[in-house]
Structure formats: C-alpha cells, structure tokens
There are 2 protein chains.
Amino acid sequence: MQNNISIDEMDARILTAMSVDSRRSYADIGHEVGLSTAAVHERVRKLIERGVIRRFSLSVDPLALGLGFTAFVMIRNDGGVHCREVAPRLREMPEVQELHSVAGEYDFLAKIRTSHARALEDVLYAIKAIPGVARTTSTVVLNTEFEDRPLRLPSAKSSENS
Amino acid sequence: MQNNISIDEMDARILTAMSVDSRRSYADIGHEVGLSTAAVHERVRKLIERGVIRRFSLSVDPLALGLGFTAFVMIRNDGGVHCREVAPRLREMPEVQELHSVAGEYDFLAKIRTSHARALEDVLYAIKAIPGVARTTSTVVLNTEFEDRPLRLPSAKSSENS
DNA sequence: GGTGAAAGAGTTGGCTT
DNA sequence: AAGCCAACTCTTTCACC
C-alpha cells in the first residue's frame, strides 16, 4: 500500500532538526539541509497537512509541574459489555499521560504521573471504579533515565555528500 | 520545599498554551493570559533558563517514520558488576525511546519502537547481549490510544501555596 | 524549488509601578 | 522584580519566476 504519510530523506532531515528545536527558523534549517527558506516552509506545510507533524509542542520538567511521581499501570478488563468504555474514561483523567491497548494478560498499559505516591492511590481507586475494570498492577518508577528524546532517523545524518 | 523550579499560575497558563502549540506568537499567548508580548517573552526566557522548559519539540506520527510497532520491555539485571553500564548502553539504541529505572521484579522499563515485530527481535537480542542483563519480558502494543498530550494542569486557573 | 517584498513576530532598552 | 511601550531586527508568508 502506497500511503500518504511516507516521507523522503529531506523530510526526515527537516523533522530531525525540528525535533531538537521546533522554533528554529526555516532559513537556519534550510541552510543545514540545503534548501531555501521557502522550500523548507512548503515542506513543513505539507508535513502538517498530511498529519506527519501532529503538533508543535514543548518538553517540560515534570517536577516543575508538581508531577514528580511516575508509575506504569497495567489494567485488566472483565468480560462485560463495558470494555469499550474503559479507554474513553481513562482519557478524561489528566494524570493518565499515555494509554496503550496491549497483548497479554492485561488489556491496557497506562503511564501515570502524580505529585507523590499517595496521589497515585486516588487515581488507582478512580480507575478501579470504572465499569469494566477488573484489576490493576502498578510498576513504580524510581528514576527516569530518559524520555522525550529528539528523533534519531537513519537517513537524517549525513549532510556532507558531494 | 521552595526550590528553583517552582512556577506560578501565570507560568502554568503560558506553559499550557505552548504545549498545545509551541509556535504560537507571544502576542497571541499574552492576549489569552493577560500579559504584554514582552512580558510573555521574559517569562518564557526565565522558564528556559531555570530548566522548566527543556526543549521546543515536535509530535510526529510514528507510522510516517516507519516506526509502526511499539513494545514495552521490562529488563532484569543480574547481580554482577555491570549493572551501572546497562542504562548507558540502552541509551545508545535509537529504538529505545524511553527508559525508566523501576521498583519490583525488574530493574528497567523501556519503551521501544521499531518498524515491525521482527525488528523488535533484533533489538531484544542486542539488549540481552549487554553485560549485566539477565532477562527481558516484552509487552506488545496493539494500539496506542493516546500519548504526547498537551499539558492539563490543575493549577492553571486557581493558585495554591504550600 | 527559488526570489524578493510586504506583513507579522521576536527581541531589546528605557521607563513605570 | 515584573510589566509595558516602542523601535528595531529577523522570520514568515505569498505572489511570481
């Protein structure tokens, strides 16, 4: 299938540059990748239009936001009629930063951030109160080694070709 | 504790606005939060300086990057002398997008993205080849419900002191 | 995809509270 | 210390090649 979200090497180099600093000027990026300002602008416009770029965002220190505690919570649904309603309910909770449907003994894996361990307890009670949730298992994060890394694409590195 | 990364309500509102679109103009943000362009600029400058804002980045569709397969991999170390070297080795792997030191039966939880299931096998072999790694357990993602959400801060409207 | 010019945004210094 | 205004510079954006 030839889909509409494939990108070429030039797109990859632009995305890599912008993942390090999305506010770099198009002139600056163009100089690095070998295009004019307007050409970079046009490619970025198309990347947004095609949905390759979803959002220009921000990496913030969670501690500064009072979110110094992280846990991964596995969630198991029961076999009832409410299974389809679990994900929308989890989406409403601001503490649930990430939610994946997974294979295995559990149905969902959620990444949850709170101010401290005690606050996770409240979130777990709220999750267990959702119709369709059978049980949860939590894995507490002691230290986040890294996350929110800039892109590292194989085709984006060599800028010195002749 | 009064540390150097605490933010006030105005900072929270600016960060929330920028997490939705980090390229919004300072004039636009200022209009929303009730500050002048220059005042927003100065606050953002200080947020960067204090390390609250770590980076202006980009949310990209992983499928467009050829990273359509996601798994969470738990990693258990053996008791040997190599434990401290495991995290740096995992950091070198571009497929490992996130790494957390965790409590429980395993030592690390890694979020890994590859093009397809077969490619995960190669990454798992590479991880198991790191000195100090005893075993791994993988959880395959079937569908990512959400991730990379804009900030949702409880304090973005009401102020609170400790 | 490039060029150039108008419109818009970022940046800085001086002043006010 | 924090904010506003205004001037200045740089960037984005768009018509045209």
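The chains referred to below are lettered A, B, ... by the order of the sequence lines, with proteins before strands, and numbering in each begins at 1.
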Peer 1: When you compare the protein's N or O atoms with those of nucleotides 15-17 of chain D, which come within less than 3.5 Å of each other, and at what distance?
Peer 2:
none

Peer 1: Would you say B/Lys46 reaches D/dA1's phosphate, i.e. side-chain N/O to OP1/OP2 under 4.0 Å?
Peer 2: no
Peer 1: Using the side-chain hydrogen bond (donor to acceptor under 3.5 Å, both in side chains) rule, pick out the option among A/Thr136, A/Thr137, A/Asn77 that qualifies with A/Tyr106.
Peer 2: A/Thr137
Peer 1: Which is the 5'-most and which the 3'-most nucleotide of DNA chain C that has an atom under 4.0 Å from a heavy atom of chain A?
Peer 2: C/dG1 to C/dT3
Peer 1: Does D/dT12 have its OP1 or OP2 closer than 4.0 Å to a side-chain nitrogen or oxygen of A/His41?
Peer 2: no
Peer 1: Mind checking the CG-NZ spacing from A/Asp11 to A/Lys46? Nearest 0.5 Å is all I need.
Peer 2: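 Reported value, rounded in 0.5 Å steps: 9.5 Å.
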Peer 1: For the pair B/Arg55 (side chain) and A/Ser19 (backbone), establish whether a donor and an acceptor sit closer than 3.5 Å, ignoring hydrogens and angles.
Peer 2: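 Confirmed, B/Arg55 side chain pairs with A/Ser19 backbone.
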Peer 1: Mind checking B/Arg23 for me? I need base, sugar-phosphate or nothing, with any heavy atom below 4.0 Å counting as a touch.
Peer 2: nothing
Peer 1: Output the rounded distance in Å from CD (A/Glu42) to P (D/dT13).
Peer 2: 11 Å
Peer 1: Quickly work out the A/Met18 CE to D/dT11 C1' distance and round it to whole Å.
Peer 2: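 A/Met18 atom CE is separated from D/dT11 atom C1' by 12 Å.
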Peer 1: Under a 4.5 Å cut-off applied to non-hydrogen side-chain atoms, are B/Gln97 and B/Leu67 in contact?
Peer 2: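 The answer is yes, as the side chains (C-beta and beyond) meet within the 4.5 Å cut-off.
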Peer 1: Could you tell me whether the side chain of A/Val52 reaches within less than 4.5 Å of the side chain of B/Val60, counting heavy atoms only?
Peer 2: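 Yes. Closest side-chain heavy atoms under 4.5 Å.
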Peer 1: Between B/Asp11 (CG) and D/dA1 (P), how many Å, whole number?
Peer 2: 16 Å
Peer 1: Donor-acceptor check, side chain of B/Arg149 to backbone of A/Val96, threshold 3.5 angstrom: yes or no?
Peer 2: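 Side chain of B/Arg149 to backbone of A/Val96, a donor-acceptor pair under 3.5 Å: yes, one is there.
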Peer 1: Measure the distance from CD on B/Glu9 to P on D/dA2 and round it to the nearest whole Å.
Peer 2: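 Taking atom P of D/dA2 as the reference, CD of B/Glu9 is at 16 Å.
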Peer 1: Mind calculating the distance between CG (B/Asp8) and C1' (D/dG3) to the nearest angstrom?
Peer 2: 13 Å
Peer 1: Tell me if a side-chain donor or acceptor on B/Arg89 pairs with a main-chain N or O of B/Pro131 at a distance below 3.5 Å.
Peer 2: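 Absent.
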Peer 1: Could you tell me the separation between the CZ atom of A/Phe72 and the CD atom of A/Glu98, rounded to the nearest 0.5 Å?
Peer 2: 6.5 Å
Peer 1: Do A/Arg118 and A/Glu121 meet the salt-bridge criterion of a basic N to acidic O distance under 4.0 Å?
Peer 2: yes
Peer 1: Measure NE2/A/His31 against P/D/dT11 and give the value in whole Å, please.
Peer 2: 13 Å
Peer 1: May I have the distance from A/Phe56 (atom CZ) to D/dT12 (atom P), rounded to whole angstrom?
Peer 2: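 That distance rounds to 10 Å.
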